[in-house]
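What follows is one structure encoded as structure tokens, with my remarks underneath.
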Protein chains: 2
Amino acid sequence: MKPCAVPLREPQSALARMNALGGVDGMAGMDALATPLRRRRGETLCDDRGARFLYRMSAGAARRCALSADGRRRIVDLLFPGDFFGFDGDARAGSTIEALVDGSVVLRYPRREVEALADADPQAARIIREIAFAAIARLETQIALLGRVNAVEKVGAFLLALEERQRACGQPSCERSEIQSRRVTLPVSRCDIGDFLALAPETVSRSLAALERRGAIRLPAPRDVDILDRAALRAGAQR
Amino acid sequence: MKPCAVPLREPQSALARMNALGGVDGMAGMDALATPLRRRRGETLCDDRGARFLYRMSAGAARRCALSADGRRRIVDLLFPGDFFGFDGDARAGSTIEALVDGSVVLRYPRREVEALADADPQAARIIREIAFAAIARLETQIALLGRVNAVEKVGAFLLALEERQRACGQPSCERSEIQSRRVTLPVSRCDIGDFLALAPETVSRSLAALERRGAIRLPAPRDVDILDRAALRAGAQR
DNA sequence: CGGGCCATTGAGTTTCTTCAACATTAGTGG
DNA sequence: CCACTAATGTTGAAGAAACTCAATGGCCCG
């Protein structure tokens, strides 16, 4: 089966550009509602059972965890600067957000006031729609990712998605000396990646090793990944 | 590991109730924009590469398919009456919607006009937000579902999610003589379920058989499932 | 320096997939 | 009405993939 050239994501939406800049005109109304919360690595960013708030990552990185019925932890989403979350009142109940790096900052917006703002200001409402659509796109990307059959494919797609998101939001933790380098800094442990992809941590490690053996990536350090061959990552499975 | 009682979804959101009724006051503005498309089983409902439209299932059932890089088909979403889709301009590119039963109807809304309506009418904008949030909740449910470890758990969670959605939208295809009966009518083949859960169709069949053996369900017909023990379905894995 | 966390690697086992055969059902046309 | 066909579902056996368990080494931090 030839690895057909799947069309990549379009350049960037207006929202993504705004996120890269860290808040723009239209955001002003919403920014007035925000309460910043700063956390250190491992701390819980927020635990909003009542679903009274919306959130937006402002700096650092975080993981959104859910406890499944059998007590196993599941990482439902990885959050980077610019990402919003907390739209889903119901489904999110029971999930907690944990900072992955020191100095992670999340902005908290009271849901009620955001709704009022949206009712009053069409411009703000438009922004919120774009935000929600971006969240949908993020979730769909992950569904496609989880649907992959084998582990190497999953990890490869994960790396590509991560690189795209770090590029989109001008991730501060990734010091890209050159735009060419295509280095991805993993903000999470192998264990977290495993929880995210529904794989055992050892399998994640082995998949990364396999990708390096095939020349798709290089692993200068456990948390640094140089992407060498995007097509090979995308194809994944091929021997 | 004790199967702790995970809080179920809250009764129903205002939107879900509206969907059950098939369109309500606030919808009026949007309904004027809709073009209904009727399809028979197996036909393509829409194939909107340009992402110029939003869609809403009105009757029947449909699957949203994506082709992954290796040419394998992936079912990204199952759609029932009331479900909206097409928010994600980028990520959806390349996915096609196919009717699962004869007489499936989807309503098509021009994205541009919907945006204009939202700008002009805060009430409509609010509806659209709720719609998007419902889609997010749907996607998150599926992510949690795909994150399950073993096949029996996945299939069990799938049945529960399906039952909830069929109940929420008053699925016409499910003639529930009694509210107690808890019968789920599978609108898809084992093969489709497999594509949805990232399992081989044979594994789906075996998982259903295993659940029946454990007394969690009954299978009067291949496409009919009586849910007998919800807790057992949720727990899934336990031997 | 010791302890803990993280990553890697190996060996054995479980689970799922694949391939195949067979049963069942529905639709079709004689 | 019946035989035929195609699609779908089930079941079995063999193989592959991923998981678990375990041991090792590196790194950071106290």
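Any value given below was found using the heavy atoms of this structure, including those in side chains, with hydrogens, waters and symmetry copies removed.
- For C:dT8, the base has no donor-acceptor partner in the side chain of A:Arg213 [N/O atoms by modelled type, under 3.5 angstrom].
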Between B:Arg223 and B:Ser189, is the side chain to side chain contact (heavy atoms under 4.5 Å, CB included) condition met? List the steps.
CA-CA 8 Å; B:Arg223 295 295 184 102; B:Ser189 68; 3.7 Å; yes

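- Look at CG on B:Leu199: it is 14 Å from C1' on D:dA18, rounded to the nearest Å.
- Here the C1' atom of nucleotide C:dT8 and the CG atom of A:Leu211 are 15 Å apart, to the nearest Å.
- Atom P of nucleotide D:dT8 and atom CG of B:Leu186 are separated by 14 Å, given to the nearest angstrom.
- Atom pair B:Arg41:CZ and D:dA7:C1' shows a separation of 9 Å (rounding to whole Å applied).
- Interface residues of residues 154-162 of chain B facing DNA chain C, ordered by number: none; criterion, heavy-atom separation under 4.0 Å.
- Nucleotide D:dA13 holds its P atom 11 Å from the CZ atom of B:Arg206, rounded to whole Å.
- A:Phe53 carries A:Arg108 over the face of its six-membered ring, with the cationic atom under 6.0 Å from the centre and within 45° of the normal.
- Residue B:Arg190 places at least one side-chain N or O closer than 4.0 Å to OP1 or OP2 of D:dT10.
- When ring centroids are compared, B:Phe158 and B:Phe196 come within the 6.0 Å threshold.
- The shortest non-hydrogen separation linking A:Val188 to A:Leu100 is CG1-CD1, 3.3 Å.
- Closest approach to the A:Ala200 side chain among C:dC16, D:dC19, C:dC6 is made by D:dC19 (side chain taken as heavy atoms from C-beta onward).
- The distance between atom CD of B:Glu202 and atom C1' of D:dG15, rounded to the nearest whole Å, is 14 Å.
- B:Arg148 places its CZ atom 17 Å from the P atom of C:dT15, with the value rounded to the nearest Å.
- Taking CG from B:Leu45 and CE from B:Met57, the interatomic distance works out to 6.0 Å, rounded to the nearest 0.5 Å.
- As judged by a 4.0 angstrom heavy-atom cut-off over every strand, A:Ser189 is placed among residues touching the sugar-phosphate backbone only.
- As judged by a 4.0 angstrom heavy-atom cut-off over every strand, A:Ala221 is placed among residues making no nucleic acid contact.
- When the side-chain nitrogen and oxygen atoms of A:Ser205 are compared with OP1 and OP2 of C:dT8, one or more of them lie within a distance under 4.0 Å.
- With ring centers used as reference points, A:Phe84 lies 6.0 Å or more from A:Tyr55.
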Could you go step by step and tell me if B:Leu159 and B:Leu208 meet the side chain to side chain contact (heavy atoms under 4.5 Å, CB included) rule?
CA-CA 10 Å; B:Leu159 290 176; B:Leu208 286 170; 4.0 Å; yes

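- Within the 4.0 Å cut-off from OP1 or OP2 of D:dG9, at least one side-chain nitrogen or oxygen of B:Arg223 is found.
- Distance CG (A:Leu219) to P (D:dG26): 17 Å, rounded to an integer number of Å.
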